[in-house]
Engineer: 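Pasting a structure below so you can have a look.
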Amino acid sequence: MNKREKPSLNANTIKTAKRLLKYVTSTYKVQFIIVLICILISSVASISVSLSLRFLLDDFIIPLIGQQNPNFGELYGALTVLGTIFACGVIASFVYSRMMVVIGQGVLKRVRDEMFDHMQKLPIRYFDQNTNGFIMSLYTNDTDTLRQMINQSIPQVLMASFTIVVTFIAMIALSPILTILAVAMIFVMFLVSRFIGGNSGKYFVRQQLDLAKITGYVEERMNGQRVVKVFNHEQKSKEEFDELNEQLFHSASHAHTFASIMGPVIGNLGNLQFVLTAILGGFLSVSGIGNITLGVMASYLQFTKSFTQPFMQIAQQFNSIIMALAGAERIFKMMDEEPEVDEGYVTLVNARKREDGSIEEVKERTGMWAWKHPHQADGTVTYTELKGDVRFFDMSFGYEPDHMVLHDLSLYAKPGQKLAFVGSTGAGKTTITNLINRFYDVQDGKIRYDGININKIKKADLRHSLGIVLQDTHLFTGTIMENIRYGKLDATDDEVYKAAKLAHADQFIRMLPKGYDTHLSSDGEELSQGQRQLLAIARAAIADPPVLILDEATSSIDTRTESIVQRGMDNLMKGRTVFVIAHRLSTIRNSDAIMVLEHGRIIERGTHEDLLKLKGTYYQLYTGKLELS
């Protein structure tokens, strides 16, 4: 095995098992009780067949031997009773098998629902720290192992456990002496199963982890296939994949090797027990010790086989259970992640002005918004008109506490002003927009929105007042109409057309075979990058927010298209507070203020003309004497 951490069973396995079982019992309590009863009936019925051998031989068959006119009536009656018991066992097996399928699918549905619901509440930080492939593995590989365990492993283990208990009681009733040998063999089987199953379980846990890694790697390379080919990275990607695949091969081969030898080893121990029981039983029968008759021997030997088989079943399902619990542990770890903290209490409401100029809250949409600010001190509520006044006061921030990205930033954007941020990669431009959205919270300083600390504003309401167009455009599977309407779900068709025209996307949309009903898939790969960017701008336009964030919004559009889009963007930005991040300095010349960032600090600020007069960093960037990295 490669030199890497030694696989081991997690100490929280039992806790995970209890938590998972709680899902089963709380969701389908009555059905699960019925399953237990049916399994018990099926187990008793199965044992009754073996136990009947003694009574059939000793009480019915042997006494009939040598009789000239045997009466088979009692024998037929016994067989009828036995057949009825057996039929009940078959029906019970059918019922619990069907019911476990329903329970299994129902539990998985609940788990997936809770996973997705909780995922929506997680902060951006979680998605920054975990790959898409790893998260997808939770919904695919790990939930599939849960399905196998609930549908197959749990009923088989319960059936085997009941069978062991019932069989053991029957064996003691038949012959306490022979049961001593059975107990000794059980101890040997337990030690062997513990050794083999423990090693198998360790590597099955590692197999699931390696499978998640390789899934994440494949998903990442599929998304970046163009980059791989452009940089001739195929061979390196193959080598990295081979390394991950080799790790998966080792963990899987070790896991299945131990799993494969479990059955034969337990089976041979069972055969050994059968032989030893036959020898000991024959000796005791001949010696007249223990009242062992032919019927007792026949039943007991049958029980010996029946007693070994449940151990084999449990051993075979052990690996599936360990894999499922490992998957469940990762699922529960995600579900236990702290949701995005939101202590805000200021909300965004529809409003209108009274004749005296005061603001009142209304239910219908008026086109005017206000911040509803309840004051805990005196219980009063005030309303502040949403205008889009954003101010930073001595704000510092770092994604990690010991590594600050922004230092003592102070700036303001009055309603309707356009602020632009310029700087090299890593200067902190996008971080500022992440803080305005409250994707992250500042460590020091304040950000005020219309005079209100944004930490007091509910995140959903804050983000509802903001529009954002990113450099990396994401389009959802659906029609173009649906993708634009994503910015305002209740928008009419006319509003969609108006937003598209504002973004200058209407013309190319109508040239498509199905126009606005054109179906997009795979992030809109049917469209050019520029067309996708236009749809993103239209999506922001239809939301009609008072504050707009443009993060390299026109970077993927050619120069000719950019001049067209810029006119639409100017229309979109009218009357709004706008934060612009741009590498193309030509797009920010008309900004009310330009901030030049370097290492998280503002080193220059002013209008385009002011900064050119300074002949500093911005002047060098604009004249081409210095390039953005």
Side-chain angles (χ1 to χ4, degrees), residues 116 119-120 127 132-133 135-136 139-140 218-230 365 463-464 466-545 548-574 576 578 580-582 584 587:
F116 193 82
M119 189 178 71
Q120 305 307 305
F127 300 97
N132 293 342
I135 297 173
M136 282 303 301
Y139 286 92
T140 54
V218 171
E219 189 270 344
E220 186 181 63
R221 287 305 180 274
M222 286 176 63
N223 289 339
Q225 193 58 228
R226 288 183 176 84
V227 178
V228 171
K229 291 187 178 298
V230 164
R365 179 170 291 184
R463 292 164 188 171
H464 188 70
L466 303 171
I468 185 166
V469 181
L470 301 172
Q471 178 180 7
D472 298 325
T473 303
H474 182 79
L475 299 177
F476 297 94
T477 299
T479 64
I480 288 178
M481 177 79 76
E482 291 169 342
N483 269 278
I484 296 177
R485 189 176 277 132
Y486 199 84
K488 182 183 177 185
L489 296 179
D490 59 349
T492 64
D493 290 354
D494 288 338
E495 288 178 312
V496 173
Y497 301 146
K498 183 179 178 181
K501 289 177 182 177
L502 187 65
H504 286 269
D506 180 75
Q507 183 177 2
F508 92 80
I509 293 174
R510 294 190 182 277
M511 292 176 63
L512 297 173
K514 295 184 179 180
Y516 284 84
D517 293 324
T518 300
H519 194 273
L520 304 179
S521 60
S522 301
D523 209 9
E525 64 178 9
E526 306 93 333
L527 306 177
S528 68
Q529 182 64 36
Q531 289 172 330
R532 293 200 292 268
Q533 200 75 22
L534 291 175
L535 293 183
I537 294 171
R539 187 163 59 193
I542 201 171
D544 195 24
L548 192 61
I549 299 171
L550 307 175
D551 190 349
E552 302 287 357
T554 59
S555 63
S556 301
I557 301 175
D558 59 82
T559 305
R560 178 178 176 277
T561 305
E562 181 185 3
S563 63
I564 299 173
V565 173
Q566 195 62 48
R567 291 197 294 269
M569 295 293 292
D570 290 340
N571 291 333
L572 178 62
M573 290 186 288
K574 284 181 180 177
R576 292 182 172 86
V578 183
V580 182
I581 297 174
R584 296 181 183 178
T587 64

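Hydrogens, waters and symmetry mates are skipped; everything else that's a heavy atom, side chains included, is used.
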Engineer: Mind listing the closest non-hydrogen atom pair of Pro545 and Ala540 along with its distance?
Structural biologist: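 Looking at all heavy atoms of both residues, the shortest contact is CD-O, 3.5 Å.
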Engineer: Show, in sequence, the C-alpha distance, side-chain angles and deciding distance for Leu475 and Arg539, and conclude whether the side chain to side chain contact (heavy atoms under 4.5 Å, CB included) test is met.
Structural biologist: CA-CA 10 Å; Leu475 299 177; Arg539 187 163 59 193; 4.0 Å; yes
Engineer: Could you report the tightest heavy-atom contact between Asp506 and Lys501, atom names first, then the distance?
Structural biologist: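 For Asp506 and Lys501, the tightest heavy-atom pair comes out as CB-CG, 3.6 Å.
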Engineer: How long is the gap from CG on Asn483 to NE2 on His474, to the nearest 0.5 Å?
Structural biologist: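 One gets 8.5 Å once the value is rounded to the nearest 0.5 Å.
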Engineer: What heavy-atom pair brings Arg485 and Thr492 nearest, and what distance separates the two atoms?
Structural biologist: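 Nearest pair, atom of Arg485 first, then Thr492: NH2-C, 3.9 Å.
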Engineer: Residues in side chain to side chain contact (heavy atoms under 4.5 Å, CB included) with Tyr497, at least two apart?
Structural biologist: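 Tyr497 satisfies side chain to side chain contact (heavy atoms under 4.5 Å, CB included) with Met481, Asp493, Asp494, Arg510, Tyr516 only.
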Engineer: Nearest 0.5 angstrom please: Thr477 OG1 to Leu520 CG, how far?
Structural biologist: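 The distance works out to 8.5 Å.
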Engineer: Verify the neighbour count for atom CD of Glu526: are there more than 12 heavy atoms of other residues, nucleotides or ligands below 6.0 Å?
Structural biologist: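 Atom CD in Glu526 is crowded, with more than 12 foreign heavy atoms closer than 6.0 Å.
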Engineer: Answer yes or no: are there more than 12 heavy-atom neighbours, outside Lys488 itself, under 6.0 Å from its atom NZ?
Structural biologist: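 Yes - once you tally the heavy atoms of other residues, nucleotides and ligands closer than 6.0 Å, there are more than 12.
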Engineer: I need the minimum non-hydrogen distance between Tyr139 and Ile135, along with the two atoms involved.
Structural biologist: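 Where Tyr139 meets Ile135 most closely, the heavy atoms are CD1-O, 3.4 Å.
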Engineer: If you measure from CG on Leu466 to CZ on Arg463, what distance do you get to the nearest 0.5 Å?
Structural biologist: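 The CZ atom of Arg463 is 9.0 Å from CG of Leu466, to the nearest 0.5 Å.
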Engineer: Measuring from atom CG of Leu512 to atom OG1 of Thr518, what distance do you get when rounded to the nearest 0.5 angstrom?
Structural biologist: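 It is 4.5 Å, given to the nearest 0.5 Å.
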Engineer: Decide yes or no for Leu535 and Ile509: does some side-chain heavy atom of the first lie under 4.5 Å from some side-chain heavy atom of the second?
Structural biologist: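 Result yes, sub-4.5 Å side-chain heavy-atom pair found.
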Engineer: If I take atom CG from residue Leu502 and atom CD1 from residue Ile542, how far apart are they, to the nearest 0.5 angstrom?
Structural biologist: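 One finds 10.5 Å between CG of Leu502 and CD1 of Ile542.
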Engineer: What's the shortest heavy-atom distance between Ala500 and Ala538, and which atoms?
Structural biologist: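 Distance-wise, the nearest heavy atoms are CA-CB, 4.0 Å.
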Engineer: Which residues pass the salt bridge (charged side-chain N to carboxylate O under 4.0 Å, His left out) test with Glu482, not counting sequence neighbours?
Structural biologist: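 Glu482 satisfies salt bridge (charged side-chain N to carboxylate O under 4.0 Å, His left out) with no residue once adjacent residues are dropped.
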Engineer: With sequence neighbours left out, write down each residue that passes side chain to side chain contact (heavy atoms under 4.5 Å, CB included) with Ile468, or none if nothing qualifies.
Structural biologist: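 Applying side chain to side chain contact (heavy atoms under 4.5 Å, CB included) to Ile468 gives Asn437, Leu470, Ile549.
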Engineer: Once you round to the nearest 0.5 Å, how far does NE2 of His504 lie from CG of Leu534?
Structural biologist: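 Separation between the atoms: 9.5 Å.
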